[in-house]
S.K.: 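Please read through the structure below; I'll follow up with questions.
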Amino acid sequence: MTVRRLAALLALALATAAAPALAQQKPAPRAQHAHVHGKLELDIAIEGTAVTIEMEAPLDSLLGFERAPRTDAERAAVASMAQRLRAADQLFVIDPAAGCKLGPVQLDSPVLSGDKPADARPAAGAKAGDAKAAAKPAQDGDHADLDASFAFNCVDAARARYIEVQLFDAFKNLRQIESEIVAPQGQFKRVLRRPATRLTWDK
């Protein structure tokens with residue numbers, strides 16, 4: 001993660017703490033990361049009264065496929081994935097000392113293009129073709145990802161010293177989680193591999 005990316009995460013966390021409505025805005029585009037099946041990446045910012053978690057994952061790590069769903073079973077798997085991710089307080093259990101509650105959740109992936117019609121609306125000044133490209137479903141042979149943002153509103157986020165990450169239980173294809181954390185204690189890189197679940201950052 002670049003210094004610019006870390007600064008952007010802190011800015012998002014501050015905006016979430018100061019004005020929860022701002023957290024509903026779409027986050028800045030993520031830097032391009034390696035597409036590795038069985039892995040996902042988390043960027044975590046802890047600041048003031050906010051914990052913000054951004055996630056990037058190959059769809060194969062979450063679904064076992066990366067194309068548009070073809071069968072009822074695959075469509076059900078996509079819906080189940082989205083439902084689990086929206087219940088992010090069950091996947092990311094933040095140290096109770098921080099007093100955090102789940103706020104806005106944003107999910108962005110080609111396989112969810114029909115799940116969020118509001119996101120398909122073009123931004124002001126955007127061309128019609130841009131909206132069509134953004135809503136394009138995953139095609140066979142694509143290496144598609146899911147990007148997600150989870151905002152938690154906390155009494156005192158700085159008191160958090162760990163997050164219990166339950167993604168391995170939720171997604172059986174997932175084997176490794178790479179995390180970069182910006183916290184009052186400093187900046188940290190952490191890796192979780194099955195069966196580990198606790199992400200810590202205190203020095």
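Everything numeric here is computed off the predicted structure, so don't read it as measured data. Values below: all heavy atoms of this structure, side chains included; hydrogens, waters and symmetry mates excluded.
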S.K.: Of all residues at least two apart in sequence or in a different chain, which pass the side chain to side chain donor-acceptor pair (under 3.5 Å) check with Arg159?
M.R.: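 Arg159 satisfies side chain to side chain donor-acceptor pair (under 3.5 Å) with no residue once adjacent residues are dropped.
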
S.K.: I'd like to know if Arg190 and Glu180 make a salt bridge, using a cut-off of under 4.0 Å between side-chain N and carboxylate O.
M.R.: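 No.
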
S.K.: Between Leu112 and Val78, is any pair of side-chain heavy atoms under 4.5 Å apart?
M.R.: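 The answer is yes; the side chains approach within 4.5 Å.
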
S.K.: Would you say the side chain of Leu192 lies within less than 4.5 Å of the side chain of Leu199, judging by non-hydrogen atoms?
M.R.: yes

S.K.: Search all heavy atoms of Pro184 against all heavy atoms of Ala158 and return the closest pair with its distance.
M.R.: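 Closest pair (atom of Pro184, atom of Ala158, distance): CG-CB, 3.8 Å.
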
S.K.: Indicate the atoms forming the closest heavy-atom contact of Arg86 with Leu102, along with that distance.
M.R.: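 Taking Arg86 first and Leu102 second, the nearest heavy atoms are O-CD2, 3.6 Å.
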
S.K.: Within the 4.5 Å heavy-atom criterion, are Glu56 and Asp43 side-chain neighbours or not?
M.R.: no

S.K.: If you look only at pairs with a residue in residues 54-89, which of them pass as a ring pair (Phe, Tyr, Trp, His ring centres under 6.0 Å), with sequence neighbours excluded?
M.R.: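 Those involving residues 54-89 do not exist here.
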
S.K.: Does the Glu74 side chain pair with the main chain of Arg70, one donor and one acceptor, at a distance under 3.5 Å?
M.R.: yes

S.K.: Measure the shortest side-chain to side-chain distance between Leu146 and Val111 over non-hydrogen atoms and say whether it is less than 4.5 angstrom.
M.R.: no

S.K.: Is the shortest heavy-atom distance from the side chain of Lys189 to the side chain of Glu178 under 4.5 Å?
M.R.: no

S.K.: Who are the salt bridge (Lys or Arg N to Asp or Glu O under 4.0 Å) partners of Arg75, not counting sequence neighbours?
M.R.: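 Testing Arg75 for salt bridge (Lys or Arg N to Asp or Glu O under 4.0 Å), a comparison that skips the adjacent residues, returns Asp72.
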
S.K.: Under a single-linkage definition using a 4.5 Å side-chain heavy-atom cutoff for Ile, Leu, Val, Met, Phe, Trp and Tyr, are Val105 and Met81 assigned to the same hydrophobic cluster?
M.R.: yes

S.K.: Identify the two heavy atoms, one from Asp145 and one from Pro58, that lie closest to each other, and give their separation to 0.1 Å.
M.R.: OD1-CA, 3.3 Å

S.K.: Checking side chain to side chain contact (heavy atoms under 4.5 Å, CB included) for the pair Leu42/Leu40: CA distance, chi angles, key distance, verdict?
M.R.: CA-CA 7 Å; Leu42 299 176; Leu40 64 74; 3.8 Å; yes

S.K.: Quick one: closest heavy-atom pair of Ala77 and Leu63, and the distance?
M.R.: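 Heavy atoms of Ala77 and Leu63 come nearest at O-CD2, 3.5 Å.
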
S.K.: What pairs with Phe92 under ring pair (Phe, Tyr, Trp, His ring centres under 6.0 Å), at least two apart in sequence or on another chain?
M.R.: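 Scan of Phe92 (ring pair (Phe, Tyr, Trp, His ring centres under 6.0 Å), adjacent residues dropped) gives Phe150.
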
S.K.: Mind checking whether Ile94 and Phe152 have side chains closer than 4.5 Å, heavy atoms only?
M.R.: yes

S.K.: Which residues pass the side chain to side chain contact (heavy atoms under 4.5 Å, CB included) test with Arg175, sequence neighbours left out?
M.R.: none

S.K.: Might you work through the side chain to side chain contact (heavy atoms under 4.5 Å, CB included) test for Thr49 and Asp156, ending with a clear yes or no?
M.R.: CA-CA 5 Å; Thr49 58; Asp156 186 357; over 6 Å; no

S.K.: Evaluate the criterion side chain to side chain contact (heavy atoms under 4.5 Å, CB included) for residue pair Gln185 and Arg161; output intermediate values, then yes/no.
M.R.: CA-CA 9 Å; Gln185 296 81 16; Arg161 294 295 184 272; 2.9 Å; yes

S.K.: Are any of the side-chain heavy atoms of Ile44 and Val182 separated by less than 4.5 Å?
M.R.: no

S.K.: Measuring only between side-chain heavy atoms, which start at C-beta, is Thr52 closer than 4.5 Å to Ile46?
M.R.: no

S.K.: So, for Trp201 and Phe188, which heavy atoms are closest and what is the spacing to 0.1 Å?
M.R.: O-CZ, 2.8 Å

S.K.: Suppose we screen for side chain to side chain contact (heavy atoms under 4.5 Å, CB included). Which residues come up paired with Val93, at least two apart in sequence or across chains?
M.R.: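 Testing Val93 for side chain to side chain contact (heavy atoms under 4.5 Å, CB included), a comparison that skips the adjacent residues, returns Glu164.
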
